[in-house]
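Working notes for the structure below.
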Amino acid sequence: MKRYKVMKEGYLNFTKRPRRNRSSKVWRSLVQETDLCPHHFVAPFFVVDGKKKKEKIEAMPGVFRYSIDCLLKELESYISLNISSILLFCCIDKEKKDPLGSEATRRGNLLQRAISAIKKEYPDLLVMADIALDPFTSHGHDGLVEKGKILNDPTVEKLAKMSLLCAEAGVDIVAPSDMMDGRVGFIRKSLDKATFSHVGILSYSAKYASSFYGPFREALSSTPSFGDKKSYQMNVGNLKEALLEAALDEEEGADLLLVKPALTNLDIISKISAASFLPVGAYQVSGEYSSIMAAAQNGWIDEKKALYETLLCIKRAGASFIITYAAKEVAQMI
Ligand code: PBG
């Protein structure tokens with residue numbers, strides 16, 4: 001013990017000391033390679049019908065279902081934090097769900113109303129809409145079902161209709177999250193034919209059949225009533241397949257690509273962003289978010305530090321933008 005007190009640092013004469021670049025806060029900041037900015041966040045929102053509603057979602061602490069009026073109010077705080085992109089999901093009543101997901105393509109539905117109300121109040125906000133049938137189908141699958149099988153092409157036609165309704169309402173970007181084959185190209189053609197060539201497509205290119213979507217399905221009451229989503233969402237063991245999906249989406253006309261979940265797929269984010277000229281985003285999904293929140297509520301980890309760290313690492317892996325339920329909380333920190 002005593003010996004160290006009299007010793008001066010550096011007596012072993014190492015020439016290489018990487019710790020020098022970590023020796024003070026300013027020095028560390030100077031050499032920090034990755035940063036988080038609020039304008040790279042996309043905040044997801046769950047919309048419900050009605051007025052003055054702000055409903056807690058048990059499985060997602062700090063996340064709510066908003067009626068349109070309350071959402072408009074809530075958005076003020078996001079905009080003041082420079083979060084200017086949002087992604088909308090609709091949460092519709094059970095009585096409105098049917099096997100065909102008819103509500104998804106009904107003119108005047110909740111999604112259309114939400115988009116137009118938001119764009120009217122905040123024209124500069126970049127509004128994205130999730131395109132898939134699962135919030136609208138009684139069986140909870142993303143597509144139409146026949147004899148227990150998920151149909152591809154009839155689903156794609158329906159998704160294109162859904163996209164057109166969103167475009168009519170003024171959406172900036174449609175985000176197909178269903179993983180059907182050929183949907184990006186078909187949606188692109190349908191939008192272009194209807195003079196919506198300005199509407200972009202964010203394709204969930206590599207969406208894995210993950211166990212981390214549980215809290216989201218609780219939020220939307222959309223847990224599949226039979227089977228799982230493995231015949232359309234990707235096998236978590238595969239990397240080449242993700243590169244193929246990304247290449248096809250790029251070829252079919254996607255403007256932005258997405259990987260999800262994020263934290264279990266950092267390698268996929270990094271490889272797709274190296275392989276594609278398009279911006280690649282990542283979705284920190286409900287299960288990733290809620291695991292952190294649950295551990296924090298138990299006092300096992302520091303919520304803010306853990307959220308910040310995961311988002312920073314997702315960015316470091318190569319994500320240009322991040323969809324995250326923690327957008328506001330982390331934006332307040334940076
Ligand atoms: C719907 C959809 C899901 C998510 C985004 N879009 C659920 C699913 O595929 O079952 C999950 C998002 C999250 O968990 O936060 N197609």
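All figures in this text were calculated on a predicted structure; none of them were measured in a lab.
The pair Asp49-Arg113 counts as a salt bridge, with a side-chain nitrogen and a carboxylate oxygen less than 4.0 angstrom apart. A salt bridge does not link Lys315 with Asp35: none of the charged nitrogens is closer than 4.0 Å to a carboxylate oxygen. A salt bridge does not link Lys149 with Glu146: none of the charged nitrogens is closer than 4.0 Å to a carboxylate oxygen.
At a cut-off of 3.5 Å, with distance as the only test, no side-chain donor of Ser221 or Lys94 sits close to an acceptor on the other residue. Looking at Thr310 and Gln284, their side chains do bring a donor and an acceptor atom within 3.5 Å of each other. Checked by atom type, the side-chain pair Lys158/Thr105 shows a donor-acceptor distance below 3.5 Å.
Ala104 and Asn109 get closest at one heavy-atom pair: O-ND2, 3.2 Å. Annotation for Cys166 and Ala129: closest pair SG-CB, 3.9 Å, computed over non-hydrogen atoms. In terms of heavy atoms, Ser102 sits closest to Asp98 at OG-OD2, 2.5 Å. The minimum heavy-atom distance linking Ala132 with Leu159 is given by the pair CA-CD2, 3.7 Å. Closest non-hydrogen pair, Arg188 versus Gly200, comes out as NH1-CA, 4.3 Å. Minimum interatomic distance between Ile201 and Ile173 (heavy atoms only, all atoms of both residues): C-CG2, 4.2 Å.
The one candidate from Leu263, Asp302, Leu307 that meets the side chain to side chain contact (heavy atoms under 4.5 Å, CB included) condition with Ile292 is Leu307. Each of Leu87, Val42, Thr324 was compared with Tyr283 under the side chain to side chain contact (heavy atoms under 4.5 Å, CB included) criterion, and only Leu87 meets it.
Without hydrogens or angle criteria, Arg217 side chain to Ser222 main chain gives no donor-acceptor distance under 3.5 Å. A donor-acceptor pair is defined here as one N or O able to donate and one able to accept, closer than 3.5 Å; such a pair exists between the side chain of Asp178 and the backbone of Met180. Checking side-chain atoms of Asp69 against main-chain N and O of Lys52 turns up a donor-acceptor pair under 3.5 Å. At least one donor-acceptor pair under 3.5 Å links the side chain of Tyr289 to the backbone N or O of Pro61. Using a distance-only test at 3.5 Å, with no hydrogens or angles considered, no donor-acceptor pair links the side chain of Glu250 to the main chain of Ala246. With Ser270 contributing its side chain and Leu266 its backbone, the two residues share no donor-acceptor pair below 3.5 Å. At distances below 3.5 Å, not a single donor-acceptor pair connects side-chain atoms of Tyr78 with backbone N or O atoms of Ala43. His139 contributes no side-chain N or O that, together with a main-chain N or O of Gly148, makes up a donor-acceptor pair within less than 3.5 Å. Between the side chain of Ser203 and the main chain of Leu257, no donor-acceptor pair closer than 3.5 Å is present. Checking side-chain atoms of Glu288 against main-chain N and O of Pro261 turns up no donor-acceptor pair under 3.5 Å.
Both tests do not hold together for Lys229 against Tyr213: distance to the six-membered ring centre under 6.0 Å, angle to the ring axis within 45°. No cation-pi contact links Lys73 to Tyr66, judged by a cut-off of 6.0 Å to the six-membered ring centre and 45° from its axis.
Rounded to the nearest 0.5 Å, atoms CD (Glu252) and NZ (Lys189) are 8.0 Å apart. Atom CD1 of Ile92 and atom CG of Leu220 lie 10.0 Å apart (nearest 0.5 Å).
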Step by step, would you call Ser116 with Lys120 a side chain to side chain contact (heavy atoms under 4.5 Å, CB included)? CA-CA 6 Å; Ser116 46; Lys120 190 169 166 217; over 6 Å; no
Side chain to side chain contact (heavy atoms under 4.5 Å, CB included) for Arg65 and Lys53? Distances and angles first, verdict last. CA-CA 7 Å; Arg65 298 183 201 90; Lys53 282 190 184 157; over 6 Å; no
Take Asp249 and Arg183 through the side chain to side chain contact (heavy atoms under 4.5 Å, CB included) test and state the conclusion after the steps. CA-CA 9 Å; Asp249 289 348; Arg183 90 277 206 216; 3.8 Å; yes
Please step through side chain to side chain contact (heavy atoms under 4.5 Å, CB included) for the pair His141 and Tyr232, ending with a clear verdict. CA-CA 10 Å; His141 279 287; Tyr232 44 110; 2.7 Å; yes
Step by step, work out the salt bridge (charged side-chain N to carboxylate O under 4.0 Å, His left out) result for Arg17 and Glu9. CA-CA 12 Å; Arg17 291 181 183 270; Glu9 269 290 36; 5.0 Å; no
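For NZ of Lys328, the number of neighbouring non-hydrogen atoms (other residues, nucleotides, ligands) closer than 6.0 Å is greater than 12. Around CD of Glu309, the count of heavy atoms belonging to other residues, nucleotides or ligands within 6.0 Å does not exceed 12. Residue Gln32 qualifies as enclosed at atom CD: its count of foreign heavy atoms under 6.0 Å is above 12.
In this structure the side chain of Ile86 never reaches within 4.5 angstrom of the side chain of Tyr122, judged on heavy atoms.
Partners of Phe46 according to the ring pair (Phe, Tyr, Trp, His ring centres under 6.0 Å) rule, which considers only residues two or more places apart in sequence or in another chain, are Phe89, Phe216.
Leu36 and Val31 fall into different hydrophobic clusters, defined by Ile, Leu, Val, Met, Phe, Trp and Tyr side-chain heavy atoms under 4.5 Å apart, directly or through other members. One hydrophobic cluster, built from ILVMFWY side chains closer than 4.5 Å, cannot hold both Val184 and Leu244; they sit in different ones.
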